[in-house]
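These notes concern the structure reproduced below.
We name chains A, B, ... by the order of the sequence lines, and we start the count at 1 in each one.
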There are 2 protein chains.
Amino acid sequence: MIARLKMRPGKRTNDPDGLRKRVLDVAEASFQARGYHASSLGDLMAAAGVTGGALHHHFPTKKALALAVIEERVSAAVEETWIAPVQAAGSAREGVRGVFEAVAAELEQQGFVRGCPLNNLAHELSLADADFRAALAGIFSAWRQAIADKVRADQQAGREQDTDPQRFAALAVATYSGAMSMAKTTQDSGVLRDCLNALEQGASSVSSSKGAGANRRRRMLRQHKAF
Amino acid sequence: MIARLKMRPGKRTNDPDGLRKRVLDVAEASFQARGYHASSLGDLMAAAGVTGGALHHHFPTKKALALAVIEERVSAAVEETWIAPVQAAGSAREGVRGVFEAVAAELEQQGFVRGCPLNNLAHELSLADADFRAALAGIFSAWRQAIADKVRADQQAGREQDTDPQRFAALAVATYSGAMSMAKTTQDSGVLRDCLNALEQGASSVSSSKGAGANRRRRMLRQHKAF
DNA sequence: GACAAAACAGGACAACCGGTCTGTTTATAA
DNA sequence: TTATAAACAGACCGGTTGTCCTGTTTTGTC
């Protein structure tokens with residue numbers, strides 16, 4: 001057969017950073033939507049427009065790729081969604097409420113719930129591999145630490161004297177994680193507002209029993225298309 | 001080569017129910033420890049001592065097996081761990097506290113955290129398949145419903161007038177789910193007690209700030225062997 | 001005992017997976 | 001330019017996966 005014309009003579013352009021970013025983008029999205037084990041490298045390569053050689057050059061193994069997603073993307077997502085807003089808020093309590101409301105609003109207009117990026121990967125990978133677990137546990141730790149530190153700052157300003165920083169942080173993170181878990185499974189983001197309201201009920205006035213069910217909104221979200 | 005003696009002439013004994021139970025036992029354990037996608041039917045067959053033909057006879061596909069695990073085992077676990085104890089408790093609040101403490105105590109003596117059976121599968125499967133999600137969402141719903149019903153029973157007895165049943169139930173389930181998620185990732189069950197204490201802090205006396213950190217126990221759990 | 005259906009055995013198979021390998025092209029520095 | 005390493009291409013491979021298929025054995029029923 002006739003020798004093929006060596007492809008298009010169009011020159012190749014090396015862009016290691018861009019290629020790496022493209023792979024991470026695709027891997028992050030697929031790991032969140034389908035999970036780690038259900039995402040094949042072949043699919044990722046096709047979606048990112050990357051060959052096997054290039055992928056292997058940047059990420060020698062699938063585990064290395066997932067570790068990079070956790071350390072660079074999941075960590076950044078928690079930092080951006082939770083840590084920075086809480087630090088910038090007027091108080092720890094206001095910060096937590098703000099994040100709950102912001103995420104709830106985002107989910108309501110998005111129309112579907114992908115779940116919490118950290119918890120999604122944590123459930124699938126934390127028991128499977130020690131390196132995965134260490135990376136994921138570190139993000140959880142930083143998350144809780146940021147909230148606890150904010151409580152301590154409040155206390156130094158004379159507020160929240162009866163609040164235990166560690167416990168408050170644990171409760172905030174756990175409630176959010178669990179609410180997102182339920183929201184993802186039921187595809188109903190209303191549980192986020194339910195949890196937020198229930199959290200604030202203890203410190204609020206006694207008006208919670210009157211008309212409590214009136215302003216509670218509940219909405220089923222439309223089916224999303226994965227990935 | 002010499003013709004093999006057709007195995008041991010020991011008669012075979014059909015035991016469809018027993019075999020099905022064995023497969024479900026192994027599948028439940030493996031799905032919890034390794035996850036659905038990471039569990040191969042070959043491993044399950046070997047662990048259960050079952051041939052491919054027998055497995056296929058009872059569960060035509062892997063999905064059918066997982067669905068059976070969810071509907072028969074995960075559902076029963078939630079019923080046993082949460083619904084029945086809450087219904088038997090003196091009040092919804094006592095019931096929730098009792099379950100938190102019972103699970104915390106169990107984890108502390110077990111030495112490792114496998115996580116919540118429902119949440120473990122929910123995270124991996126709820127976005128992957130509509131049937132999975134429906135089954136898992138139903139369990140979440142029954143869970144919340146049982147707690148909310150208990151609050152309503154309390155209210156008919158003149159208690160918890162300021163508590164919204166739905167919100168209280170959502171908060172309890174979310175906090176537990178999230179706490180178990182964190183405990184699984186960090187392999188530290190202390191977060192369960194942190195969350196429980198924080199939940200009850202709102203209704204407790206002001207003694208929480210004094211010596212709050214003294215009696216809080218925190219322990220790292222030893223590595224577990226999966227499966 | 002005869003018969004049918006359920007229960008089980010065990011091999012076969014095609015598709016797919018992750019990783020490796022060799023070779024070529026591009027960028028960098030001397 | 002030339003040497004050198006990084007960046008990328010693309011085929012290849014051994015192993016595994018879930019499922020299917022044919023055949024045999026057991027069980028229940030008349």
Side-chain angles (χ1 to χ4, degrees), chain A residues 1 3-24 26-27 30-31 34-69 124-125 128-129 131-132 227, chain B residues 1 3-24 26-27 30-31 34-69 124-125 128-129 131-132 227:
Chain A
M1 66 186 70
R4 292 192 37 178
L5 258 338
K6 219 55 173 74
M7 283 300 262
R8 208 66 46 77
K11 299 286 282 293
R12 194 185 81 198
T13 309
N14 284 1
D15 181 17
D17 293 342
L19 188 145
R20 196 186 127 95
K21 180 186 182 315
R22 254 187 300 150
V23 172
L24 283 177
V26 166
S30 183
F31 288 165
R34 308 181 188 178
Y36 172 78
H37 288 100
S39 299
S40 78
L41 294 182
D43 292 341
L44 300 185
M45 283 162 47
V50 167
T51 64
L55 177 62
H56 180 262
H57 177 74
H58 290 274
F59 307 100
T61 64
K62 189 182 182 183
K63 172 180 171 178
L65 173 58
L67 229 34
V69 167
E124 187 178 4
L125 300 179
D129 184 277
D131 294 326
F132 283 147
F227 194 32
Chain B
M1 65 188 73
R4 294 192 35 178
L5 259 336
K6 215 59 170 74
M7 280 302 260
R8 207 70 44 75
K11 301 286 280 294
R12 192 184 82 198
T13 310
N14 284 0
D15 181 18
D17 292 342
L19 188 143
R20 195 185 126 96
K21 179 187 182 314
R22 253 187 301 149
V23 172
L24 282 178
V26 167
S30 183
F31 288 166
R34 309 182 188 179
Y36 172 79
H37 287 101
S39 299
S40 78
L41 293 181
D43 292 341
L44 299 184
M45 283 162 47
V50 167
T51 64
L55 177 62
H56 180 262
H57 176 73
H58 290 275
F59 306 99
T61 64
K62 189 181 182 183
K63 173 181 172 178
L65 173 58
L67 228 34
V69 168
E124 186 179 4
L125 300 179
D129 184 277
D131 295 324
F132 283 146
F227 196 52

Side chain to side chain, A/Val23 and A/Leu44, heavy atoms closer than 4.5 Å:
no
On DNA chain D, check which nucleotide each of A/Gly49 and B/Gly53 is closest to and give me the residue with the more 5' one.
A/Gly49
Nucleotide C/dC17, atom C1' - distance to CG of A/Leu65 in whole Å:
15 Å
Spacing of CE belonging to B/Met45 relative to OG belonging to B/Ser40, to within rounding of 0.5 Å
9.0 Å
My understanding is that only residues two or more places apart in sequence, or in another chain, count here; which of them pass salt bridge (Lys or Arg N to Asp or Glu O under 4.0 Å) with A/Arg22?
none
Strictly below 4.0 Å, heavy-atom distances to any atom of DNA chain C: list the hits from residues 56-64 of chain A, or just say none.
A/His56, A/Thr61, A/Lys62
Can you sort out the partners of B/Asn14 under side-chain hydrogen bond (donor to acceptor under 3.5 Å, both in side chains), two or more places apart, ordered by chain and number?
B/Arg12
Side-chain contact check for A/Leu41: nearest option of C/dG19, C/dC8, D/dC8 is C/dG19
So which protein nitrogen or oxygen atoms get under 3.5 Å of nucleotides 13-15 of chain C's nitrogens or oxygens?
none

For B/Ala54, enumerate each residue passing the side chain to side chain contact (heavy atoms under 4.5 Å, CB included) test, keeping only those at least two apart in sequence or located in another chain.
B/Leu19, B/Val50, B/Thr51
Go through D/dA7, C/dG10, D/dA9 for me and flag the one nearest to the A/Ala54 side chain.
D/dA9
Heavy atoms of A/Leu65 and A/Leu24 approach each other most closely as CD1-CD2, 4.0 Å
When the distance from CE of B/Met45 to P of C/dA9 is rounded to whole Å, what number comes out?
10 Å
Rounding to an integer number of Å, can you tell me how far A/Asp43 CG sits from C/dG18 C1'?
13 Å
Quick one: which of A/Asp129, A/Asp131, A/Leu125 gives a side-chain contact (heavy atoms from CB on, under 4.5 Å) with A/Leu67?
A/Asp131
Angle between terminal axes - the helix from C/dG1-D/dC30 to C/dA30-D/dT1, 5 pairs each end, rounded to 10°:
20°
Out of D/dA7, D/dT24, C/dA27, which has the shortest distance to the side chain of B/Arg12?
D/dT24
Between P on D/dT17 and CG on B/Leu55, what's the gap in Å once rounded to a whole number?
14 Å
A/Thr61: side chain to side chain contact (heavy atoms under 4.5 Å, CB included) partners, not counting sequence neighbours
A/Lys63, A/Ala64
So what does B/Ser40 touch, heavy atoms closer than 4.0 Å: a base, only the sugar-phosphate, or nothing?
sugar-phosphate
Do A/Asp15 and A/Arg20 meet the salt-bridge criterion of a basic N to acidic O distance under 4.0 Å?
no
A/Ser39 side chain vs A/Gly35 backbone, donor-acceptor pair below 3.5 Å:
yes
note: B/His37, atom NE2; D/dT16, atom C1'; distance rounded to Å ~ 15 Å
Send over the distance from B/Asp129 CG to D/dG18 P, rounded to a whole Å.
15 Å
Mind calculating the distance between CG (A/Leu44) and C1' (C/dC17) to the nearest angstrom?
12 Å
Determine, step by step, whether B/Val26 and B/Asp43 satisfy the side chain to side chain contact (heavy atoms under 4.5 Å, CB included) criterion, reporting the C-alpha distance in whole Å, the side-chain angles of both residues, the deciding distance to 0.1 Å, and the verdict.
CA-CA 9 Å; B/Val26 167; B/Asp43 292 341; over 6 Å; no
Would you list the pairs meeting ring pair (Phe, Tyr, Trp, His ring centres under 6.0 Å) in which at least one residue belongs to residues 34-57 of chain B, sequence neighbours left out?
B/Phe31-B/Tyr36, B/Tyr36-B/Phe132
Please give, in whole Å, the distance from D/dT27 P to B/Asp15 CG?
10 Å
A/Asn14 side chain: which of C/dG18, C/dG10, C/dT26 is closest?
C/dT26
